[in-house]
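This structure is a prediction, so every number in the text was calculated from the model and none was measured. Quick note: numbers below take in every heavy atom, side chains included, and nothing from hydrogens, waters or symmetry partners. Residue numbering restarts at 1 for every chain, and letters A, B, ... go by the order of the sequence lines.
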Amino acid sequence: MTASVTAGGKPRSAIPVLRVGDTLLVTVQIELHDAVADAFQEDLLVTIEKTGARGLIIDITGLDMVDSYVARVLADTGRMARLMGTDTVLVGMRPEVAATLVRMGYGMEGVRTALNVDEGLGLLHTLQG
Amino acid sequence: MTTQVMAQRELQIRCEDDIVLVRQAVRVMAQQLGFDAFATAAVTTAASELARNVWTHAGGGSALLEEIRLAGRRGVRMHFRDQGPGIADLGRALAGGFSTARSLGLGLSGSKRLVDEFNVESTVGKGTVVVVAKWARFSSTTG
Ligand SMILES: Nc1ncnc2c1ncn2[C@@H]1O[C@H](COP(=O)(O)OP(=O)(O)OP(=O)(O)O)[C@@H](O)[C@H]1O
Ligand SMILES: [Mg+2]
């Protein structure tokens with residue numbers, strides 16, 4: 001049921017995207033710094049277009065640190081997908097990451113979140129009726 | 001009692017990727033000192049914000065990372081130095097929500113909230129030095 005999908009043939013961001021039905025599942029495990037972040041967003045948007053995915057789940061279980069820069073990249077990615085008509089759910093934020101972001105003043109308002117991939121899929125299901 | 005420096009390491013911030021190297025070094029140091037996941041995330045995130053400021057606002061500089069000890073407590077102290085333009089209105093920059101880079105302007109004020117000690121010295125035209133420290137939550141009985 002899953003297939004590895006990459007934009008334009010060549011994944012510049014090297015972040016694997018899995019397709020599950022009409023949802024894309026992205027697991028971020030590497031440090032998202034500038035060059036990688038831009039490529040990540042662009043690859044993802046092209047993949048959404050190519051696959052016609054209605055939902056996007058970004059799993060950040062693998063990130064033990066999310067600074068303001070990465071937080072912005074993640075929130076922006078959701079906004080970009082939203083403009084294309086795709087709902088995004090950010091899942092798997094670790095407790096220490098949530099605590100750090102809120103202490104810094106980044107509440108990530110406007111970003112849909114869920115505890116894990118299962119819950120995220122459920123949320124998308126509800127959203128899309 | 002004076003703070004003892006047990007070990008130190010200096011890293012240059014000359015490109016974007018160096019920000020990643022700085023926070024990786026800080027993460028390792030925090031874990032070795034027995035910081036819990038919350039304190040590790042806090043100090044690593046502060047390092048990332050401050051190193052990024054050195055890179056984006058000053059075009060580069062350095063990060064001196066120290067393992068410190070005071071009265072049985074252990075911690076990490078970090079000195080971020082640059083010879084960039086300096087911060088003209090330090091009060092405003094520290095209050096948060098102010099950015100000359102059209103960003104959210106929460107890096108400086110946010111990292112201040114993540115550490116136990118925070119000090120900025122900045123001279124316009126000369127550069128900026130930000131020194132922060134974070135202590136392990138429980139004092140170590142070994143060493
Ligand atoms: N090392 C530095 N040298 C010169 N100016 C600095 C330095 N660090 C911070 N500043 C100034 O202080 C302002 C606030 O810094 P802060 O990190 O809070 O926000 P920012 O970097 O603009 O945005 P972000 O929220 O993305 O970090 C900056 O916009 C910049 O003008
Ligand atoms: Mg900043």
Check your understanding: Looking just at side-chain N and O atoms, do B:Ser62 and B:Gln12 make a donor-acceptor pair shorter than 3.5 Å?
Key -> no
Exercise for review: Please round to the nearest 0.5 Å and tell me the distance separating atom CG of A:Asn116 and atom CD1 of A:Ile57.
Suggested key: 9.5 Å
**Study point:** Contact origin within B:Leu114 toward chain A - heavy atom pairs under 4.5 Å
**Key:** side chain
Practice item. Examine whether an atom of B:Thr44 lies under 4.5 Å from a heavy atom of chain A, and if so say whether it belongs to the side chain, the backbone or both; otherwise answer neither. Key: both
Point to revise | A:Arg72, part contacting chain B, at a heavy-atom distance under 4.5 Å | key: side chain
Exercise for review: Would you kindly say whether B:Glu66 and B:His79 are connected by a side-chain donor-acceptor distance under 3.5 Å?
Suggested key: yes
Review point. So does A:Arg103 have more than 12 non-hydrogen atoms from other groups sitting under 6.0 Å from CZ?
Key: no
Check your understanding: If you count heavy-atom pairs under 4.5 Å between each of A:Thr100, A:Leu101, A:Val70, A:Val66 and chain B, which one has the most?
Key -> A:Thr100
Review point. Which atoms of B:Thr40 come close to chain A, meaning under 4.5 Å heavy atom to heavy atom: side chain ones, backbone ones, both, or neither?
Key: neither
Practice item. Would you tell me whether A:Ser68 and B:Glu49 have side-chain atoms, one donor and one acceptor, within less than 3.5 Å of each other? Key: yes
